[in-house]
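Heads up: the structure comes next, in structure tokens.
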Amino acid sequence: MGVIDRYAELLPVTDKTPRITLGEGSTPLVHLDGISRMLEIELWAKLEGCNPSGSFKDRGMVMAVAKALEDGAKALVCASTGNTSASAAAYAAAAQVPCFVLLPAGKVALGKLAQALMYGAKVIAVRGNFDRALEMAREAAEREGFAIVNSVNPYRLWGQRSGAWEICEALGRAPDWHAIPVGNAGNISAYWAGYKQYKELGKIDKLPRMMGFQAVGAAPLVTGQPCPNPETIATAIRIGNPVSAHLAKEAVAQSSGEFNSVTDEEILAAQYILSSKGGVFAEPASCAPLAGLIKLKKEGRLPRGITAVMILTGNGLKDPDTAMSQVGRPVEIGDSFDELMEVMKG
Ligand code: F0G
């Protein structure tokens with residue numbers, strides 16, 4: 001069952017909202033035993049890379065596209081660091097509605113680019129950063145009457161609340177800490193709204209602390225200032241002027257949480273730890289929270305024994321180039337058994 005059917009009662013859907021789905025949501029929440037021991041906490045990972053297009057964006061996109069269809073939109077448009085475009089293109093293909101995606105030229109991970117092109121979207125590489133591409137997409141939407149499916153579209157954030165609801169259902173409560181990467185700041189805001197909605201409905205009694213993690217080179221919410229030239233290896237969160245900054249700041253303030261930043265080196269180290277000690281391959285941006293928890297542990301600021309959930313927002317397969325630049329090549333041998341034994345025993 002997809003997000004709309006599963007949560008129709010909690011979402012702003014009507015009889016006229018088409019019940020589209022690609023099977024999004026209901027992603028695994030996995031306890032990371034080894035890394036929990038290392039950090040002396042109970043660490044859970046929400047595997048959002050298991051969504052149909054490989055990222056959390058599908059939860060909100062299904063709602064945004066359903067609502068656009070309900071309103072008779074003639075085309076969809078978005079700007080993206082990659083995942084939004086892959087998701088928009090997938091749902092547009094399924095609904096057979098035209099889709100335009102604007103990407104910062106040369107700064108989108110290979111898998112994401114391949115996805116948008118394969119799903120048949122009109123892919124436009126803008127020589128500029130994401131923030132500028134988003135301004136252009138918003139203007140095109142306004143002038144042409146296209147549906148904008150970035151997280152400025154309120155239905156995106158509605159659908160993304162479903163991640164919080166699933167976590168509460170799986171744990172029987174909210175976590176103590178909710179650790180999440182922050183780029184355009186929609187997802188942290190959606191999770192906070194989702195937790196609050198569950199508390200108002202009496203489904204949970206306590207709210208989590210919202211811990212938002214950014215890359216040092218693109219950390220406007222940590223520095224408190226827009227960042228004119230964002231730069232990070234975690235291209236998904238290479239964003240200098242987040243559109244939902246106000247909502248994210250509110251979430252962090254209301255929950256006594258905090259924003260923190262981690263270096264690209266810390267992100268890549270965390271990505272390898274997650275893969276090699278956890279068996280979970282997530283894209284670099286998704287590893288900012290783990291990098292952050294490791295950093296807080298070193299600083300003595302990670303309370304022992306807490307239950308923390310990390311949102312692993314995107315699948316590691318989306319960015320094979322970054323992964324390959326971190327790891328060695330396979331050992332190549334001839335087709336002789338002796339050589340095989342030599343390598344295995346070496
Ligand atoms: N993680 C991944 C893998 C993402 O793709 C994004 C955002 C984020 C985290 C941050 O989420 O923007 O809600 O704070 N990607 C957008 C995109 C910007 O275009 O795909 P956010």
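Sequential numbering from 1 along the given sequence is applied to the chain's residues. Start at 1 and go down the list; that is how both ligands and their atoms are numbered.
A donor-acceptor pair is defined here as one N or O able to donate and one able to accept, closer than 3.5 Å; such a pair exists between the side chain of Glu24 and the backbone of Val3.
Nearest to atom 15 (N) of ligand 1 by heavy-atom distance, out of Gln214, Lys57, Arg238, is Lys57. Among Gly183, Ser85, Gly49, the residue whose heavy atom sits closest to atom 10 (C) of ligand 1 is Gly183.
At the top of the distance list for atom 4 (C) of ligand 1, counting protein heavy atoms only, stands Ala236 CB, 3.5 Å. Of all protein heavy atoms, the one closest to atom 20 (O) of ligand 1 is Thr84 N, 2.8 Å. The shortest contact between atom 11 (O) of ligand 1 and any protein heavy atom is with Phe56 CZ, 3.5 Å. Looking only at heavy atoms of the protein, atom 13 (O) of ligand 1 is closest to Asn187 N, 2.8 Å. In terms of protein heavy-atom proximity, atom 5 (O) of ligand 1 is nearest to Asn83 ND2, 2.8 Å. Among protein heavy atoms, atom 2 (C) of ligand 1 sits closest to Thr313 OG1, 3.3 Å.
Applying the 4.0 Å criterion to heavy atoms of Val182 picks out, from ligand 1, the atoms 14 (O). For ligand 1 and Thr81, the ligand atoms under 4.0 Å from any heavy atom of the residue are 15 (N), 16 (C), 17 (C), 18 (C), 19 (O), 20 (O). Near Gly186, the atoms of ligand 1 lying under 4.0 angstrom from a non-hydrogen atom of the residue are 13 (O), 14 (O), 21 (P). Counting atoms of ligand 1 from 1 in the listed order, those under 4.0 Å from a heavy atom of Ser80 are 17 (C), 19 (O), 20 (O). Of all atoms in ligand 1, numbered sequentially from 1 with element shown, those under 4.0 Å from a heavy atom of Ile239 are 18 (C).
Using modelled atom types and a 3.5 Å distance limit, the side chains of Thr313 and Ser55 yield no donor-acceptor pair. Under 3.5 Å, the side chains of Glu70 and Thr14 contain a donor-acceptor pair of N or O atoms.
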What do the steps show when you test His178 against Tyr191 for side chain to side chain donor-acceptor pair (under 3.5 Å), and what is the final call?
CA-CA 9 Å; His178 176 95; Tyr191 268 97; 5.6 Å; no
Please evaluate residues Val327 and Tyr272 with respect to the criterion side-chain contact (heavy atoms from CB on, under 4.5 Å), reporting the C-alpha separation (whole Å), side-chain torsions for both, the decisive distance (0.1 Å), and the verdict.
CA-CA 9 Å; Val327 289; Tyr272 191 69; 3.9 Å; yes
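Under 4.0 Å from ligand 1, not a single heavy atom of Ile188 appears. Only backbone heavy atoms of Ala185 (N, CA, C or O) come within less than 4.0 Å of ligand 1; its side chain stays farther off. Only the side chain of Ile237 comes within contact range of ligand 1, with a heavy atom under 4.0 Å; no backbone atom does.
Between Arg138 and Glu135 there is no salt bridge, since none of the side-chain N atoms of the basic residue sits less than 4.0 Å from a carboxylate O of the acidic one. Salt bridge present: Lys107 and Glu231 bring a charged side-chain N and a carboxylate O closer than 4.0 Å. Taking a cutoff of 4.0 Å between a charged side-chain nitrogen and a carboxylate oxygen, Glu48 and Arg59 qualify as a salt bridge. Note on Glu169 versus Arg6: salt bridge recorded, some NZ/NE/NH1/NH2 to OD/OE distance being below 4.0 Å.
Using a non-hydrogen distance threshold of 4.0 Å, Ser151 does not register as a contact of ligand 1.
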For residues 328-345, which side-chain donor-acceptor pairs fall under 3.5 Å, sequence neighbours excluded?
{"residue": "Ser336", "atom": "OG", "partner": "Glu339", "partner atom": "N", "Å": "3.1"}
{"residue": "Glu339", "atom": "OE1", "partner": "Gly334", "partner atom": "N", "Å": "3.3"}
{"residue": "Glu339", "atom": "OE2", "partner": "Gly334", "partner atom": "N", "Å": "3.2"}

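Residue contacts with ligand 1: Asn184 is placed with a nitrogen or oxygen under 3.5 Å of a nitrogen or oxygen of the ligand (distance criterion only). Considering backbone and side-chain atoms alike, Gln160 places every N or O at 3.5 Å or more from each N or O of ligand 1. In terms of polar-atom proximity, defined here as any N/O pair under 3.5 Å, Glu283 makes no such contact with ligand 1.
A parallel orientation is assigned to the rings of Trp165 and Tyr198, their planes being inclined by less than 30° (bins at 30° and 60°).
Exactly one of Val126, Thr84, Ile124, Val108 qualifies for a side chain to side chain contact (heavy atoms under 4.5 Å, CB included) with Leu103. That residue is Val108.
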